[in-house]
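Quick notes on the structure that follows.
A note on names: the letters A, B, ... follow the listed sequences, proteins ahead of strands, and every chain is numbered from 1.
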Amino acid sequence: MARQTCPSRSRANGSGEGVDRQDDTAARRISMSQAGAVCVRNRTGGAYTGRHAPVSPPRPGAVRFSPMSDSPVVTRFAPSPTGHLHVGGARSALFCWAYAKNRAGRFMLRIEDTDAARSSDDSARGIMEDLAWLGIEWDDGPALPLSDGRIVGGDGRGVGPFFQARRVPLYDRCAEQLVKSGRAYPAFESSDVIDGQRREAVAAKRTYRYPRPAEIEPGRFNDGLKARWDRALAGESHVLRFVVPSHEIIVQDQVLGEVKIAAGELDDFVIRKADGFPTYHFAVVVDDETMGVTHVMRAQEHLANTPRHVALQQALGFRTPAYAHMPLIMNMDNSKMSKRDKAKVARAKLQERVAQGLTTQDAAAALGIPQAELAAFLAKENDSLAVAEKIARVYDVPLPEIEVCDFRAAGYLPEAMCNFLGLLGWNPGMKTADGKDLEKFDLAFLRQHFSIERIGRTNSKFDRVKLLSFNADAIGALPDTEFAARWRGWCEEFEPTLARAVPSDRWAWLARAVKARARTFRDGAKAASFAVLDDATYPFDPAAVAKHLRASDGAGLRLLADARTRLAAAEPFEPEVLHGILEQMSQQHGGMGPVAQPIRVAIAGTAVSPPLPETLAVLGKSRALARLDRCIGLAST
RNA sequence: GGCCCCAUCGUCUAGCCCGGUCCAGGACGUCAGGUUCUCAUCCUGAAAACAGGGGUUCGAAUCCCCUUGGGGUCACCA
């Protein structure tokens, strides 16, 4: 459970200049011919390797925009920058990346920021940094400078810009083409009016479908349509709606097989909003075509959208890319995994406190937010992440990790995340040498063996317990020196007190002692907490004192004096020497147990700590002796 | 509710396309032992699933149908 908010965004991006939004426009070379038809060329063969038949046959007349002739496969991850990178999104990105790499193709990152109100540059940068942290690097997309000086992304194929908000003229041209060919029309109802009609339909248990105006004739730019277009051109507020075809639409999905949508199921959906931005459906179709995307791999929640996309492609004369819809990642309770889960947990915990007598006035004051805002949150009127995170901080409520940065802050390794995510909905179907299912692999393995054929069809639950086990194994597999360095790096960012408390020349001992106890970096920090205790004030666990110091008529306590003498003479004060001293003592006192436990309680205050030699050595002689003295002094009073 | 997708241990899954070698294999978790200075690691072992019902077949986890269950989607969000 993560206790922290997402890490600062400064690390992966050394210069802090962030994503380069201007640059990628300059390199743009989208060629458009007359009437807005986009230049395309034939897709290179061999793209269809799924377990099912190829998608609809190539349209003879269609040519395809040709960015680079020698890389047939192009996949893309296209998040909307409205928050952090979700683990589901990370899985999609991972699979898209793996497939492109496996096919010697290119993996592209495109930012779908057509929702002007909710998109932010910070969020876009955060998503890129999370991807980079996972090791999922894009060939085409916004340029992201890494801390090691490398730059991920760029516009090597000349298909940018990669922010949809910068591609609006392109969408406008395609939209006009659609209108002029009688496949789209301006509609002037306000969204309030439409919403009202929709509500009415739902109340009457009818499926709402936007009624196509009588004067609209599919495929004809007639007088009625021209009149509407003129009104739109004159500046009247409108949306553009697509004239959906009246025939059945068949999607050939590489994972699911043939998916048919009966004629009449779709209504004339909006392709351009009143603010002039394209809707998702329209932008994806235009971009996937103009950016040369050959394979669209995305979560199954998009399956129902696909017929719209196919219809749009046909109307625009575009090719249909290969589709592969991946199963969804669910919570353990089978609900959809969502960042709202954080709000749910925070709300539930705070309500518990309220039930125990906490007043909302006090809570709002403690949280530093207006009471009305808290009331709205508690009444489920919103799922504010900011409020949830404040509650988590103030009331020490662990929020579930949902986003990639949550896992990073919680001390997970990117390689463990990728391995675990790689097994959610995909499986190599291979055995290890001893005949067990192969399930531990790295990115290199994934890019070498990934295939669409082995993507599953059933939703999977995100089992944090198994992830934790994977992470523990990944930590265990790290060489000691690497663990030490990476754990230190993590501590400097997330547990700076610990990083400062242990001199760097003693860190290796700490790391060695902590490694087996660290299922996550945070666990490791917990196991090392003895090191940050204040020598003069750390508490003693009464039960441990009773059991290991006072029991047997104070045998443990008496032993401490002997230990103090021997430790004071230890030179150098290092694990090997200290281990030798403890060994000697154990021979005189009937075993290691009766020796180690009293000392452990004395220097750590509890009956639990990493192995004593390392624990002592990390503290150093003066701190260790000071603690021993303090314990002896306190116990004898 | 309409439309669409899915269905092997608690969970992730192998096996299913090309029926017999599967009284279903692995992993996580759980339980029981063992190693150990505490905690942890590590080692050994055990319990644990083909949703139900019909077909087809000599034979079905594997093919077909129905039922049930789960999920997705029905926005000027993506």
- Query: If you measure from the C1' atom in B/G29 to the same atom in B/G69, how many Å do you get, rounded?
  - Reply: 24 Å
- Query: Base, sugar-phosphate, or nothing: which does A/Met430 touch, judged by heavy atoms less than 4.0 Å apart?
  - Reply: nothing
- Task: Select base, sugar-phosphate, or nothing to describe what A/Lys436 touches, counting heavy atoms under 4.0 Å on all strands.
- Result: sugar-phosphate
- Item | Side-chain donor/acceptor contact of A/Lys466 with base of B/A27 under 3.5 Å | yes
- Message: Please classify the nucleic acid contact of A/Arg519 as base, sugar-phosphate, or nothing, using heavy-atom distances under 4.0 Å.
- Response: sugar-phosphate
- Does the distance from a Lys or Arg side-chain N to an Asp or Glu carboxylate O, for A/Arg486 and A/Glu415, drop under 4.0 Å? yes
- Task: Ignoring the backbone of A/Arg517, work out which of B/A14, B/A40, B/A78 is nearest its side chain.
- Result: B/A40
- Message: What's A/Asp267 touching, base or sugar-phosphate or nothing? Going by heavy atoms closer than 4.0 Å.
- Response: nothing
- Task: With RNA chain B as reference, determine whether A/Tyr280 or A/Ser469 sits nearer its 5' end, using the nearest nucleotide of each.
- Result: A/Ser469
- Message: Work out how far the P atom of B/A7 is from that of B/A51, and round it to whole angstrom.
- Response: 10 Å
- Answer with base, sugar-phosphate or nothing: what part of the nucleic acid does A/Ala596 contact at a heavy-atom distance below 4.0 Å? base
- For residues 235-251 of chain A, pull every pair meeting salt bridge (charged side-chain N to carboxylate O under 4.0 Å, His left out), keeping only residues two or more places apart or in separate chains. A/Arg231-A/Glu236
Which atom pairs, donor and acceptor, lie under 3.5 Å between side-chain atoms of residues 195-204 of chain A and protein residues at least two apart or in another chain?
unit_1   : atom_1 : unit_2   : atom_2 : d
A/Gln197 : OE1    : A/Tyr208 : OH     : 3.2

- Task: Say whether, by atom type as modelled, one donor and one acceptor occur between the side chain of A/Lys515 and the main chain of A/Leu478 under 3.5 angstrom.
- Result: yes
- Counting any heavy atom closer than 4.0 Å, what does A/Pro611 reach on the DNA or RNA strands: base, sugar-phosphate only, or nothing? base
- Closest to the A/Leu612 side chain, choosing from B/C12, B/C4, B/C37: B/C37
- Query: Taking only N and O in the side chain of A/Arg241, is any of them less than 4.0 Å away from OP1 or OP2 of B/A75?
  - Reply: no
- Task: Check every strand shown and say whether A/His281 touches a base, only sugar-phosphate, or nothing at a heavy-atom separation below 4.0 Å.
- Result: base
- Task: May I ask which nucleotide in the shown strands pairs with B/A7, Watson-Crick or G-U wobble, both distances under 3.5 Å?
- Result: B/U68
